[in-house]
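Working notes, structure below.
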Amino acid sequence: MAENQEIMEEKRIKLRKSDLMKSFAIWELTSEMCLSYERLMSLGFCHAMLPILKRLYPDKDDLADAMTRHMAFFNTENQFGALIPGMIASVEEERANGTDYSDEVINGLKIGLMGPLAGVGDTITQGLVKTILLAICVEMGLKGNVWGSIIFFVLYTAYILGVGYTMFFSGYKLGKNAFSKISDTSIIRKLTDCMGVLGMTVAGCMIANYVSIQTVATFTSGDTVIEIQALLDEIMPGILSVGTVFILYALIRKNVSVIKIMGVLVVIGILGAFVGIF
Amino acid sequence: MAENQEIMEEKRIKLRKSDLMKSFAIWELTSEMCLSYERLMSLGFCHAMLPILKRLYPDKDDLADAMTRHMAFFNTENQFGALIPGMIASVEEERANGTDYSDEVINGLKIGLMGPLAGVGDTITQGLVKTILLAICVEMGLKGNVWGSIIFFVLYTAYILGVGYTMFFSGYKLGKNAFSKISDTSIIRKLTDCMGVLGMTVAGCMIANYVSIQTVATFTSGDTVIEIQALLDEIMPGILSVGTVFILYALIRKNVSVIKIMGVLVVIGILGAFVGIF
Amino acid sequence: MAENQEIMEEKRIKLRKSDLMKSFAIWELTSEMCLSYERLMSLGFCHAMLPILKRLYPDKDDLADAMTRHMAFFNTENQFGALIPGMIASVEEERANGTDYSDEVINGLKIGLMGPLAGVGDTITQGLVKTILLAICVEMGLKGNVWGSIIFFVLYTAYILGVGYTMFFSGYKLGKNAFSKISDTSIIRKLTDCMGVLGMTVAGCMIANYVSIQTVATFTSGDTVIEIQALLDEIMPGILSVGTVFILYALIRKNVSVIKIMGVLVVIGILGAFVGIF
Amino acid sequence: MLQAVLVALCTWVCASGIEFTCWSIQLCSPIIFGPIVGAIMGNMELGLQIGCATQLVYMGNIMVGGVGSVDYPMAGCVATALAVATGAAPEMGVTIAVSFGLFGMLAESGKMTLCSIFVHRADKCAARADTKGITFYNVVCPQIINFFFYFIPAFLAVRFGAEYLTDLLDALPEVILTGLEAVGMLLPALGIAMLMKAIFNLKFLPYFIIGYVLSSYLELGMIAVSLVGVAFALMYWFSYREPENSEEV
Amino acid sequence: MLQAVLVALCTWVCASGIEFTCWSIQLCSPIIFGPIVGAIMGNMELGLQIGCATQLVYMGNIMVGGVGSVDYPMAGCVATALAVATGAAPEMGVTIAVSFGLFGMLAESGKMTLCSIFVHRADKCAARADTKGITFYNVVCPQIINFFFYFIPAFLAVRFGAEYLTDLLDALPEVILTGLEAVGMLLPALGIAMLMKAIFNLKFLPYFIIGYVLSSYLELGMIAVSLVGVAFALMYWFSYREPENSEEV
Amino acid sequence: MLQAVLVALCTWVCASGIEFTCWSIQLCSPIIFGPIVGAIMGNMELGLQIGCATQLVYMGNIMVGGVGSVDYPMAGCVATALAVATGAAPEMGVTIAVSFGLFGMLAESGKMTLCSIFVHRADKCAARADTKGITFYNVVCPQIINFFFYFIPAFLAVRFGAEYLTDLLDALPEVILTGLEAVGMLLPALGIAMLMKAIFNLKFLPYFIIGYVLSSYLELGMIAVSLVGVAFALMYWFSYREPENSEEV
Ligand SMILES: OC[C@H]1O[C@H](O)[C@@H](O)[C@@H](O)[C@@H]1O
Ligand SMILES: OC[C@H]1O[C@H](O)[C@@H](O)[C@@H](O)[C@@H]1O
Ligand SMILES: OC[C@H]1O[C@H](O)[C@@H](O)[C@@H](O)[C@@H]1O
């Protein structure tokens, strides 16, 4: 960071159009390749940011920081959600040039946008556009007309690239407008806090949306059957999910190795299935 | 306003009992005559305030301001809601005598009270009193006894005038007690903000209550039928209503003529019905 | 209080283990003996606090204050909820030694904890443990094996005493850790306010949970039946309960004797039943 | 002929919207106008009975935000007149009333659409402090609409029979009716938008959002949201501090 | 006679409300008292079986805020005694238990109403730091009520047969029962009102309103509202600033 | 043999997760791969028809958060190939597709479980700024899984008939399948916990609690909670004041 600020005094690091294009291409090609239950698109997002980050952070430590930052849980609909990598590109640009955006601002932005854009995007892309295009083209295909397939492929691809491209570069421009003007450190501190508020609010909701740990355990004796999950729901719906997240969070904070935790989870999952908990 | 303050130094403008009686009479006679979809009782409210405003604002500009202020969207139940014109009369009286109540205080009051009083009033007046009186009198009428009609007319009118009168003058007295004691400008500023908070909260709810723009558009091809409204509701319930309000608000802020907007809305409505959107 | 502070300068009053044990014993033996509709476990709680309070407040006025403080409405599940008397014991200890904890802190603690612990406790104690133990033992009993009864008695009693004891003393230790470190008066003021916030939030919910005043009054004429309760629910669910509470609160604040109020309530209840309101 | 004029007059009065002669806008009740129209048509008692029977059907009707489920001037006056004229039994009269009540809702919603025009005219009067103008637009103008929407149809119906009305309705293409409905659906957005202009304050946008979420997602009504609004306003009041130097934002 | 006294004693103990001998107030379970009463009546095994069968019926019964769906002292002790006395099959015993369980809820709610009196007496003891008084009202007095509401009816039932109880019940006019219920419904309002006196603070009224809206409109339970309350309290904590000059409001 | 390889290749491509050649991960649609596989098997038109008929069945399928109700590579490619091979009617083809679609969901969830490993490897690459590593784990590795989970089963199915797959499935004990599901249910908790590490701030815990209550008790979705989050953030913004002396808490 220190080095960056010196650099800035000499010259600003600017993203080139080609960096953005590369980033967009990676986004469209690979962002859902390594979708995992654990973090969904996290790796895809990080990958798509590489052309940006490589340009902005010549220093290896800064680069490592930035890459790690973008390995966090992420999920959105890829076309409308392309706004997010675009916008983050511009925030990283400002950051590389010395504005002191904390991780909270960046994470808050990602978290605050990913949910709504997934909702909007899934509804429009999969619910509307896909269905309409299919409705037309399937009709043709059923009659044996192969143009149905071709038209669908062409139009759908055009839609995806068109919307994705527009959103990605709008995101960049929007971010540019909003973030490049902020230099007052007190405003940045304010922004950091507000993004923290947004991020934490949505995080409370993400647990209910992405984690759904449920037990199928029952206790039976004679005619009496007790469903443990029903009792737990009475205490607090989603208590297992939120409890697990906080236990894991505590472990991570105590620097327990994440790989170890994952191993334990796998063991718990399989053992749990074996003894009839899951 | 400037003039008013000078006047105040000489003598306070006071509302006479006859002004209030006139206002109440107009309220009871005409407040629902020009009920419109666009602003419901707005014109009726403004009309009922005239005897008050004419007395309080000898200066024509002040009068015009005040009249315009009371042309805003308004709706309540007229008997219980009579509290509102009564209370506003006292606030205007303070304002005319120099206390610096902003439009936000006055609008906040109106908006904050009109909803609850409509709920209470409709339930009691139409749900309870009307039904009870009718239940008794209809019985008589069905047997051919014209006293049923007469008794209903007399009692219901008595109820309406009684409740209306009581509420109107209680409103005035209440307002008098609450608002005439406030002179500290810092408290007024505080009040202004709080009324803004109240008004905006309720405004967010008013859209869902008074505007219900829905599209009946569907997309059909073969057996596939997509209801656009269902998709929109998934994104956000009432999105068309809130979207329309904000678009219109933006236009109004850009000083687009309201008459023009109304014309466009009429055209959109009819065209929309024609092409099957509404 | 004044005296206490002097005493403190000389020596701190400390609770003995035997005081806590006595308190716990009273809690387990008598806390639900005088359960009343009006205040549920209030008297039981006060009784259980006596060994604590007698030790801490040698001064009679202080003792009377403290006892009165713990006569307020209280209800929880006794095993998990044993945390509360334990924790309150430690807060009272600090208070007796000069830290200026207001009634708001103590009431806020009690109110904020009693609801969640009742929910958790009822679910686990009655929903889970009781049902499981019964399921096993009833089976035996049905076959005529009296060991079913004996085992149930032993295990259930062990559970109750075990959980109760653990929670009571954990509460004391927890409170000790949390409250004995606070000496800064500005933090105490802050804490007081926060407990007020918590207490008032939960109080708003307690009305809906503990008071359910409903009228069965209907108005009938011919075929028309109006259920008054349905109309009231439309205005505001629970309006009778919240209304009654506030009327009584106003009376109490005006120093109307509580015994008198109770008498009037009894009369209203019976008369109301007589005329068909309840 | 005279009967037709008198019944049409009754219908007009009944639709006038005077609060205390009836209940509230367009709700003048059949129990009152039934016997009057009956008397005009020569059989007060039958009119009374039809009126009361009609009333019974709409016993639970509540008018909220200008929207009810029946239009009384048509259901009460015109239908009663026609029923008395044909000497129908009260039950028959009710059937006629129900269909006229529905027809009348068209007149009602047409009126509430058109009244916007007067409201906008009145805006201009307000801007130049023309109090006479306000009175004119609030009192006189709506009655002109009522003349066309209530007096004329009522007169035609009573004079030439109900089929005149039905023909009139059939002559209007479906799309025009839907279009009018659509306009009636769009207009409130304008009213609220104008209100927003009066009260909007970026600083308070969060409260607007919360009000919106409470009402549209959690389906809380006006009373509940107003309660929450009061709570927020009080919080604001108690946590208020004088702005430090100058007004922020 | 002795049997009747002993069974009545059991019923009384069972209703005493000692936490750890049974479960919690009035929940002394039939599985425990079934065999004891059975032994008194001369057939422990039958008593055990009836007790367990009764228990089975109420397996899911949960007592929340003092309100359950059965009264165990009556359902467990008295009903078992009667069933054993008549040598009924366990199934028959259950039927008797169910009706006695309902009857007992009357005793229970009567008790919870009357206990208010002791609580108010105890208030006065508290005010004069009379710790003995507290003990007296909390422990001794309720047992006197229990004597009348449990011992006596149990004794009568076992001695003279169930019809005595039914007669007793029939002798009470319906309106008195409803009246007592109504009083039981009104009393908690007093308890909460007194609590309000202890904690009410105008400054925190907004939180009260929000708690109320959450629970009565959105039907959130105590746990959820407490969570929200904690959230508000924390917000308050983190945004707290020392009052500028003096206490506001 | 060649056919089997080619169809398996198609299945692999279809499962690759390239966004714009198909729709999004594993959603490569039967309408596109139907005719291709058909052509490979020697009857493009039949393939097209089966593909389209399959598509029709899943018309309303929406994939949210990586979870859909069908796996297209299996339902589209493999099922079509088998159906064309046996010369089945399109309707028959759809039946095969449905069962393969379900089978494929197993492959899918297995993949999403295993991919966690690559993500953790990638974490290490990120920590040492190894950009090549990121690419390797994001692009190359998942395709290896796809090879085993899609190419091999597809090849076997087309080469030796569907029963091979069924046997494979039967060979896996039930508990392993449930166990894998359980792991897939536990893993997101780790992802969120790591996110929490990045954003957790005690000061903002209240907002977390409220977000949690809104979503789990009141069942508000992400969009609604984000709206509320924005509202809170704005409130914070407008009420923000510079910390007095030093950072609090
Ligand atoms: O709902 C309040 C109010 O709305 C409109 O103004 C009319 O329908 C009134 O009759 C009603 O009382
Ligand atoms: O609900 C909490 C609590 O309420 C009352 O005090 C009794 O019903 C207890 O048995 C119960 O545990
Ligand atoms: O729900 C958002 C997003 O979630 C996952 O990443 C996939 O299912 C996508 O197809 C979807 O768009």
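Here is the naming used below: chain letters follow the sequence lines, and residue numbers restart at 1 for every chain.
- Within 6.0 Å of atom CZ in F274(B), 12 or fewer heavy atoms from other residues, nucleotides or ligands are found, so the atom counts as exposed in its surroundings.
- For I117(D), the parts lying near chain B are the backbone and the side chain together; criterion is any non-hydrogen pair under 4.5 Å.
- A salt bridge does not link K60(B) with D130(D): every distance from a Lys NZ or Arg NE/NH1/NH2 to an Asp or Glu carboxylate oxygen is 4.0 Å or more.
- Atom-to-atom distance recorded for Q55(D):CD and K130(B):NZ is 7.5 Å, nearest 0.5 angstrom.
- Between chain D and the options L113(B), I247(B), D65(B), I111(B), the largest number of non-hydrogen pairs under 4.5 Å is found for I111(B).
- Residue contact with chain B, scored on non-hydrogen atoms closer than 4.5 Å, involves the side chain of M44(D) exclusively.
- Neither the backbone nor the side chain of V267(B) comes within less than 4.5 Å of any heavy atom in chain D.
- Atom OH of Y249(B) is separated from atom CG of L190(D) by 14.0 Å, given to the nearest 0.5 angstrom.
- Ranked by heavy-atom pairs under 4.5 Å with chain D, the list V266(B), N75(B), T244(B) is led by V266(B).
- Ranked by non-hydrogen atom pairs under 4.5 Å with chain B, the options N138(D), I209(D), L56(D) are led by N138(D).
- Taking OH of Y212(D) as the reference point, atom OG of S241(B) lies at 7.0 Å (rounded to 0.5 Å).
- Atom CZ of F118(D) and atom OG of S36(B) lie 10.5 Å apart (nearest 0.5 Å).
- Both the backbone and the side chain of L191(B) come within contact range of chain D, with heavy atoms under 4.5 Å apart.
- You'll find the ring centres of F208(D) and F246(B) inside the 6.0 Å limit.
- Ranked by heavy-atom pairs shorter than 4.5 Å toward chain B, the options C141(D), G184(D), S116(D) are led by S116(D).
- Distance check, rounded to the nearest 0.5 Å: CD1 of I50(D) to CG of L142(B) gives 11.5 Å.
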(message) Pair W237(D), I187(B) - check side-chain contact (heavy atoms from CB on, under 4.5 Å), show working.
(response) CA-CA 9 Å; W237(D) 180 270; I187(B) 289 186; 3.8 Å; yes
(message) Please determine whether salt bridge (charged side-chain N to carboxylate O under 4.0 Å, His left out) holds for the pair D123(D) and R39(B), giving the CA-CA distance in whole Å, both sets of side-chain angles, and the decisive distance to 0.1 Å.
(response) CA-CA 12 Å; D123(D) 278 343; R39(B) 281 188 250 166; 2.5 Å; yes
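- Looking at Y58(D), only its backbone comes within 4.5 Å of chain B, counting heavy atoms on both sides.
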(request) Could you walk me through whether L220(D) and C205(B) pass the side-chain contact (heavy atoms from CB on, under 4.5 Å) test, one step at a time? (result) CA-CA 8 Å; L220(D) 286 185; C205(B) 169; over 6 Å; no
